[in-house]
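Letters A, B, ... are given to chains in the order of the sequence lines, protein chains preceding strands, and every chain is numbered from 1.
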There are 2 protein chains.
Amino acid sequence: MTPLSEAARRPARAQSPCQACTVRHLTVCAPLNDQEVQEVAAISQNVEMSPGDPLFDEGERASQVYNVTAGTMKVYKLLSDGRRQVTGFLFPGDFLGLANNDTYAYSAEAVTHATLCRFPRAKLDKLLERYPKMEKRLLSIASHELAVAQEQMLLLGRKTAKEKIASFLLTLSERAESRGQTGNPVSVPMSRTDIGDYLGLTTETVSRTFTNLRGGGTIALRNGGKVEILDVDALHDVAQGD
Amino acid sequence: MTPLSEAARRPARAQSPCQACTVRHLTVCAPLNDQEVQEVAAISQNVEMSPGDPLFDEGERASQVYNVTAGTMKVYKLLSDGRRQVTGFLFPGDFLGLANNDTYAYSAEAVTHATLCRFPRAKLDKLLERYPKMEKRLLSIASHELAVAQEQMLLLGRKTAKEKIASFLLTLSERAESRGQTGNPVSVPMSRTDIGDYLGLTTETVSRTFTNLRGGGTIALRNGGKVEILDVDALHDVAQGD
DNA sequence: CGTGAAGTTGAGTATGCTCAACGGTGGTGG
DNA sequence: CCACCACCGTTGAGCATACTCAACTTCACG
């Protein structure tokens, strides 16, 4: 198991201004009022990550949970021979670290520069005890993630490469919009390898499929990892296999 | 959308003897004592299903949640052209029907004769309000399902046909044992088509891979949908790609 | 027994993988 | 400041795994 990087180890600032948190309405803190959120601030610390920094590894003791406040993270599982499945990309507002049996079920790593809000699991549990609405919110988050996971199983098990890439771009776009960001052009901050490991493809196939969609006039590749969706309807059709 | 079958529509008996429930320790009712579980009995009804009976369809209003008490269920998602992804098989004790946005994210259907315990979602919510330990249990169930889903993504995205079948058999075996049933020989009640749709394979490939594992002396196919694991270690090795 | 569904096996094919080369880009050090 | 290098992305050629289409067998059930 890789040790935590220096960046992950060092909490940036002890004072955590939850009041100013720009993604609070998306997080587990959403149901709390300004006063209640102070209690969260009291138990939380900021964490800064650079691209490639590991946050934790699969199998590690799950003593902390996190909220992404800026940047992009990825979570993944490995096979013994190195094959990798990225099970999700996480954006501001996303929750991270829910563990069933006290150990993380996956590894987490920064894709871009990122900041996270860290809570000791034990202290969060106490807070959940006190605020059932927070626990309800956590259950709602878990239910939503479950639905997302099932959609991803459908993609992995039954969609073609072209359908996978189209679905991926549309999902990224929708998630960006749900965070109040621009969904078109959509920001694609992760590498071709990460995308391949997320969709069950190789980097070459990912690259070829992007080229194919570009050639068909459906998308355009812009600078800075941005993809412009030129024909949204066509991309939807491709995603569903029509 | 297919209408509910007659079998699904008709609650078998209004009196639901939760006290006698043999799988209670596995369910959402686990943390409740004998007295508290009576309240569950008051809001629950039994449902009997025959093989192939639909319980509900994806997109339907999620007004009910269920617990499997006997038999095997499957849940799946469809693409418009009929391609199907089975996202899970459910056995006694398993929970079913958690919905995020008030509609089911998947369809559910009986694989074998099955009985379920049905709760109106609204009434369950009230009960959760009263018994936070029950809500905690539900969160724990959801976390566990999330971990299972991630493991399945790894399988779908990165494992070969042989690895998929080996993993599938081992998981079935472990789940049977966790319910106190015999894990070897393991009961495989679902069709080759269902297995294929669960593992992202065709029925032909499933069949061929069974034959292959049989030829290698790793498993043996017995009557009544039973599979005997002749070499557990070898099957583990195959499952992990060694 | 007859019938239909499920399972198995075979032959040929296609989708996506492997291996390899090349171009662009950003970071580093001379 | 520029040359170098490593990494990422792209493209090409050939190949393998799993799919498609088809025939046949087995089994459950009438």
Rounded to the nearest angstrom, tell me the gap between atom [atom1] in [X] and atom [atom2] in [N].
{"X": "B:K159", "N": "D:dT17", "atom1": "NZ", "atom2": "P", "result": "18 Å"}
{"X": "B:N212", "N": "D:dT17", "atom1": "CG", "atom2": "P", "result": "12 Å"}
{"X": "B:N223", "N": "D:dT26", "atom1": "CG", "atom2": "P", "result": "14 Å"}
{"X": "B:L213", "N": "C:dT8", "atom1": "CG", "atom2": "C1'", "result": "15 Å"}
{"X": "A:D81", "N": "C:dT18", "atom1": "CG", "atom2": "P", "result": "11 Å"}
{"X": "A:R158", "N": "C:dG16", "atom1": "CZ", "atom2": "P", "result": "13 Å"}
{"X": "A:I165", "N": "C:dT15", "atom1": "CD1", "atom2": "P", "result": "16 Å"}
{"X": "A:R83", "N": "D:dT17", "atom1": "CZ", "atom2": "C1'", "result": "13 Å"}

Next item on the list: May I have the step-by-step check of salt bridge (Lys or Arg N to Asp or Glu O under 4.0 Å) for A:D197 and B:R158, ending in yes or no?
Entry: CA-CA 8 Å; A:D197 284 348; B:R158 288 303 181 209; 2.7 Å; yes
Please output the side-chain donor-acceptor pairs of residues 88-101 of chain B that fall under 3.5 Å, not counting sequence neighbours, one pair per line with the distance.
from  : atom 1 : to     : atom 2 : distance (Å)
B:D94 : OD2    : B:F91  : N      : 2.8
B:D94 : OD2    : B:R175 : NH2    : 2.6

Relative to A:Y66, does A:R118 satisfy both conditions: NZ or CZ under 6.0 angstrom from the six-membered ring centre, and within 45 degrees of the ring's axis?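 Cation-pi check for A:R118 and A:Y66: fails.
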- Can the positive tip of B:R192 be found less than 6.0 Å from the middle of the six-membered ring of B:F210, inside 45° of the ring normal?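 Satisfied, under 6.0 Å and within 45°.
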Hey, what are the protein-to-nucleotides 6-10 of chain D N/O distances that come in under 3.5 Å?
from   : atom 1 : to     : atom 2 : distance (Å)
D:dG9  : OP1    : A:R192 : N      : 3.4
D:dG9  : OP2    : A:R192 : N      : 3.0
D:dT10 : OP1    : A:R192 : NH2    : 3.4
D:dT10 : OP2    : A:R192 : NE     : 2.7
D:dT10 : OP2    : A:S207 : OG     : 2.8
D:dT10 : O5'    : A:S207 : OG     : 3.0

Query raised in the report: Any side-chain N or O of A:T202 under 4.0 Å from OP1/OP2 of C:dG16?
Result: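 So the side-chain polar atoms of A:T202 never come under 4.0 Å of the phosphate oxygens OP1 or OP2 of C:dG16.
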* Asked: For the ring pair A:Y198 and A:F168, is the centre-to-centre distance below 6.0 Å?
  ->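 A:Y198 vs A:F168: aromatic centres under 6.0 Å.
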ask   = Base, sugar-phosphate, or nothing: which does A:G200 touch, judged by heavy atoms less than 4.0 Å apart?
value =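 Counting heavy atoms under 4.0 Å across all strands, the contact made by A:G200 is with sugar-phosphate only.
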Looking only at side-chain N and O atoms, does A:T115 offer a donor or acceptor that is under 3.5 Å from a partner on A:T69?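 Present: a donor and an acceptor within the cut-off.
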